[in-house]
*Asks:* 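The following block contains the structure, expressed as structure tokens.
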Amino acid sequence: MATDTKDQLKQVRQRTYLARDFDSLRATLLDYARQYYPNQIRDFSEASMGGLFLDMAAYVGDNMSFYLDHLYNELNYDTAVEPSSLERALVNASVPINGAAPAVVDVTVYIEVPVATAGDETPNVELLPVIKEETIFLSDNSITFTLLEDIEFLIDPNNDGNYVLNPKTEKRIGRVKADGTVATYLLSLSGQCVSGKVTTETFSIGAFTPFRSLTLGQSNVTEVISIFDTNGNTYYEVGALTHDVVYRNVLNTTGDNNLVKDALRVIPAPYRFIKSTSLIGRDTTLTFGGGNADTLDDDIIPDPSEFAMATPYTKTTSRVPVNPEKLLTTNTLGVAAANTTLSVIYRYGGGLSHNVSPNSVNSTLSLQIEFPKNPSVDQSAAVRSTLEVTNLTQGSGGEDALTIDELVALIPTIKNSQERIVTKEDLLARIYTMPSNLGRVFRTAIMPNINNPLSTQVYIISRDADKRLIPSPDSLKLNLKKYLNSYRMISDAIDILDATVINLQLKFAVVLDPSLNRTTLLAEILSKLQDKFNIQKMHINQPIVISEVVNTIYSVRGVIAVDNAQFTNASGIINNRIYSDSTHDIKSYTRRQLIFPPAGGIFEIRYPDVDIIAKVVT
Amino acid sequence: MGALSFKSVGRKLQSFQEESVDRTKKLIPIGIKTPLEITNEEGPFKMHFDLVELIADNLKNLLLTNWGERLGQYDFGANLKPLTVNFSSQDSFDDEALARISRAISTWMPFVEPVNFVSEVDRSQKLNTALIKINISYNIPTLQVTDRGIQIVLYVI
């Protein structure tokens with residue numbers, strides 16, 4: 001039987017799916033009701049019940065449309081706004097979420113040691129101590145610094161029991177007797193410290209649970225120093241639970257230990273964990289392996305039958321199913337702790353305030369000292385009582401935790417880098433995400449080396465506690481060198497250089513509207529300029545656009561004219577203010593209203609309160 | 001039998017009355033009657049068939065609705081309830097209520113022309129401190145309807 005297509009089409013109710021918001025949904029519903037229910041109801045005015053029902057339906061549609069949009073936006077890190085979505089995006093892109101970074105500072109320890117016999121030109125070797133690592137010093141602003149290495153006043157260079165004074169020790173004459181002979185010597189030696197506190201947390205672990213997670217009590221954890229349990233097992237931190245070995249620096253005991261202090265060793269890590277940090281609270285969670293120690297399998301080749309799922313007897317079987325849960329209980333992903341107590345020792349805390357000024361680490365909170373030659377208690381106590389400490393250099397590397405926006409900005413570069421430094425962006429991402437316990441670079445720039453096509457020049461700069469630029473310390477550069485080495489291509493070379501800091505002063509004259517308050521206007525102009533030259537907005541090799549600066553001044557309502565805006569270079573010490581020693585010929589580096597820094601240079605208005613000078617002319 | 005002309009056929013009174021009833025039944029419903037009543041006659045709810053009655057119903061609902069009660073239309077209603085919370089004197093209440101009612105009608109039902117406003121405070125109630133009865137008379141010029149009236153009751157809290 002023939003069918004009338006026209007009739008069939010008439011039965012299909014036309015719907016539109018274009019409406020998204022309240023107004024368009026209401027209008028669409030109204031059209032629909034008028035078209036298909038003209039004989040049931042006609043009044044849809046706002047005051048009527050029909051209008052009320054339309055409003056309710058449109059409201060529900062508007063809400064659903066909003067949440068659909070919202071959920072869709074949350075899938076992309078560019079448009080996501082909820083912290084949990086951003087955290088997921090960061091984890092998926094392997095962007096490490098770190099807390100505040102600790103500062104690194106070199107401390108100098110002073111001791112006064114008597115001579116063995118009057119007239120000796122060296123102190124009594126029997127009384128020389130070794131200040132052990134984990135000794136804790138305290139700064140004037142109550143920041144604790146932990147010694148990372150032994151400070152050895154006494155060394156045994158040949159491992160034969162013949163101890164001598166460490167040749168690196170600086171020696172000065174201390175007290176002198178009445179007859180003019182030396183009574184004591186003042187000895188000093190330096191060691192590296194890292195800021196933050198060390199704490200131990202214990203966790204009672206019950207029955208076996210695969211992939212157990214433990215959250216540490218303190219936030220901003222910079223390093224998990226060690227984890228061990230009451231059964232004597234040591235747990236190692238790995239990048240992923242599939243990693244079954246760790247690389248560790250151990251003391252080099254071979255003959256060349258005077259040249260190479262540490263040797264890299266591969267250590268098996270059956271008991272292992274991974275560390276993750278939350279985005280909001282910067283709380284650290286440790287996740288352990290999924291294997292059960294009781295079923296620790298010694299077989300090199302596993303027996304597949306152990307993983308087969310028991311099936312009831314049937315006359316026909318198509319295939320033998322495998323129980324995937326059993327695969328997870330193998331030790332492939334590490335062994336989980338069970339029926340024990342875990343002790344977790346970790347370091348936490350950091351931030352810009354940890355970049356202490358010189359001579360501010362002056363007291364000892366917890367002294368770990370050893371006298372290898374075992375002098376008498378009185379003698380050792382006498383030397384111990386003379387111990388003093390200070391830091392001759394500024395602490396550096398301490399930085400506040402990266403903000404959510406800063407972390408999200410790293411996603412595209414880290415996503416592309418795939419844990420190898422191939423492009424310039426890879427290198428940038430690696431430098432900025434170096435583990436915070438190794439120090440933090442504030443700005444970096446990458447330039448090709450004109451003398452070596454396989455080499456890349458990396459310019460870096462750090463900040464002090466006052467957020468002013470300082471050259472990155474050598475220890476930070478050494479750490480950066482080791483860190484980058486594990487990611488670089490074998491044929492690539494990277495030169496790490498200090499960025500040149502060019503300090504500027506800005507002078508200008510303005511004509512202001514005489515009807516307005518001159519002081520208020522000037523304060524507003526200076527505030528806008530200080531914001532423009534905020535060091536957070538400056539980058540290495542970034543030029544200054546003079547017309548932009550002038551526009552900033554003009555943007556203040558009441559400024560009639562700007563005259564003679566000039567930048568000058570400030571260097572050395574001016575009125576007790578310390579500037580960078582680098583000089584820069586502003587005039588010759590200015591082209592078409594752009595002031596360029598030297599290659600690998602960064603501009604800084606170091607003291608914005610005094611380095612921006614405005615003059616009002618009439 | 002001779003031929004009969006159809007011209008002489010009339011209608012019986014009964015059939016005329018039945019047809020009239022049918023015609024009433026076939027009237028098209030205009031809007032939903034409030035308060036809602038479930039029925040199986042002309043749809044799920046009882047409906048208005050008379051436009052003037054419907055407008056009276058809508059006007060009452062408009063005057064009894066307060067801001068924020070209507071989904072999607074925050075400022076729908078005369079918003080009289082807040083006046084009952086801060087009720088101090090009838091004069092001040094009348095001034096403000098008059099303005100609010102006038103504004104609501106001109107915004108949401110501009111085809112209604114309010115004419116008179118009379119309010120009466122009844123303090124004899126025991127459960128509440130007072131009742132305010134508002135009588136409003138209005139015209140609907142487009143329908144040539146004049147001097148219609150409605151009463152709304154507000155409870156002073």
Side-chain angles (χ1 to χ4, degrees), chain A residues 7 9-74 79 81-82, chain B residues 25-65 67-78 101 103-112 138 140 142-143 150 152:
Chain A
D7 280 352
L9 285 172
K10 279 181 184 171
Q11 300 299 318
V12 178
R13 292 189 169 180
Q14 296 298 314
R15 300 185 187 96
T16 173
Y17 297 96
L18 298 176
R20 287 284 178 273
D21 58 0
F22 180 84
D23 289 336
S24 59
L25 281 164
R26 193 183 192 283
T28 309
L29 285 167
L30 185 58
D31 286 346
Y32 190 85
R34 280 183 174 157
Q35 188 175 354
Y36 293 107
Y37 302 102
N39 296 329
Q40 271 77 37
I41 183 167
R42 289 189 169 186
D43 182 21
F44 290 107
S45 65
E46 281 88 350
S48 69
M49 281 303 290
L52 183 140
F53 287 147
L54 275 191
D55 285 352
M56 287 172 73
Y59 183 82
V60 171
D62 191 21
N63 265 272
M64 292 177 73
S65 181
F66 170 80
Y67 281 106
L68 192 68
D69 279 357
H70 180 69
L71 287 174
Y72 191 77
N73 283 336
E74 291 301 305
T79 50
V81 290
E82 288 190 15
Chain B
K25 279 186 180 173
K26 285 177 186 171
L27 278 176
I28 295 169
I30 308 171
I32 302 165
K33 192 180 266 185
T34 59
L36 292 176
E37 290 178 64
I38 294 172
T39 176
N40 290 323
E41 290 174 10
E42 60 267 350
F45 302 116
K46 275 200 172 174
M47 304 294 284
H48 280 294
F49 295 89
D50 180 61
L51 193 54
V52 177
E53 293 296 323
L54 174 74
I55 288 172
D57 202 5
N58 288 352
L59 182 61
K60 191 172 184 178
N61 287 331
L62 173 69
L63 298 181
L64 287 174
T65 305
W67 286 5
E69 291 176 354
R70 179 71 168 267
L71 282 179
Q73 311 265 19
Y74 169 78
D75 55 348
F76 179 83
I101 290 168
R103 190 166 58 223
I105 290 175
S106 63
T107 306
W108 301 103
M109 298 180 74
F111 45 89
V112 172
Y138 61 93
I140 310 171
T142 49
L143 298 180
I150 59 164
I152 58 171

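Note on naming: letters A, B, ... go to the chains in the order of the sequence lines (proteins, then strands), and numbering restarts at 1 for each one. Since the model is a prediction, treat every value here as computed from it, not as a measurement.
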*Asks:* Could you tell me which non-hydrogen atom of Asp75(B) sits nearest to which non-hydrogen atom of Trp108(B), and how far apart they are?
*Replies:*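 Minimum heavy-atom contact is O-NE1, 3.4 Å.
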*Asks:* With rounding to the nearest 0.5 angstrom, report the CD1 to CE distance, Ile41(A) to Met47(B).
*Replies:*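 Answer for the CD1-CE pair, Ile41(A) versus Met47(B), is 4.0 Å.
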*Asks:* Any salt bridge linking Lys33(B) with Asp57(B)? Criterion: basic side-chain nitrogen under 4.0 Å from a carboxylate oxygen.
*Replies:*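 No, this pair does not count.
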*Asks:* Indicate whether the side chain of Ser65(A) and that of Asp21(A) have a donor and an acceptor atom separated by less than 3.5 Å.
*Replies:* no
*Asks:* What part of Phe44(A) lies closer than 4.5 angstrom to a heavy atom of chain B: side chain, backbone, both or neither?
*Replies:* neither
*Asks:* Counting heavy-atom pairs closer than 4.5 Å to chain B, which one of Pro38(A), Gly50(A), Ser48(A) comes out on top?
*Replies:*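 Looking at each of Pro38(A), Gly50(A), Ser48(A) in turn, Ser48(A) comes out on top.
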*Asks:* Contact part of Leu54(B) toward chain A, heavy-atom cut-off under 4.5 Å: side chain, backbone, both or neither?
*Replies:*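 Only the side chain of Leu54(B) comes within 4.5 Å of chain A.
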*Asks:* Taking every heavy-atom pair that is under 4.5 Å apart, which of Leu62(B), Thr34(B), Ile32(B) has the most such pairs with chain A?
*Replies:*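 Result: the option with the highest number of such pairs is Ile32(B).
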*Asks:* Quick check on Leu51(B) against chain A: is it the side chain, the backbone, both or neither that has a heavy atom closer than 4.5 Å?
*Replies:*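 The answer is neither part of Leu51(B).
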*Asks:* So how far is it from Leu30(A) CG to Leu25(A) CG, rounded to the nearest 0.5 Å?
*Replies:* 12.5 Å
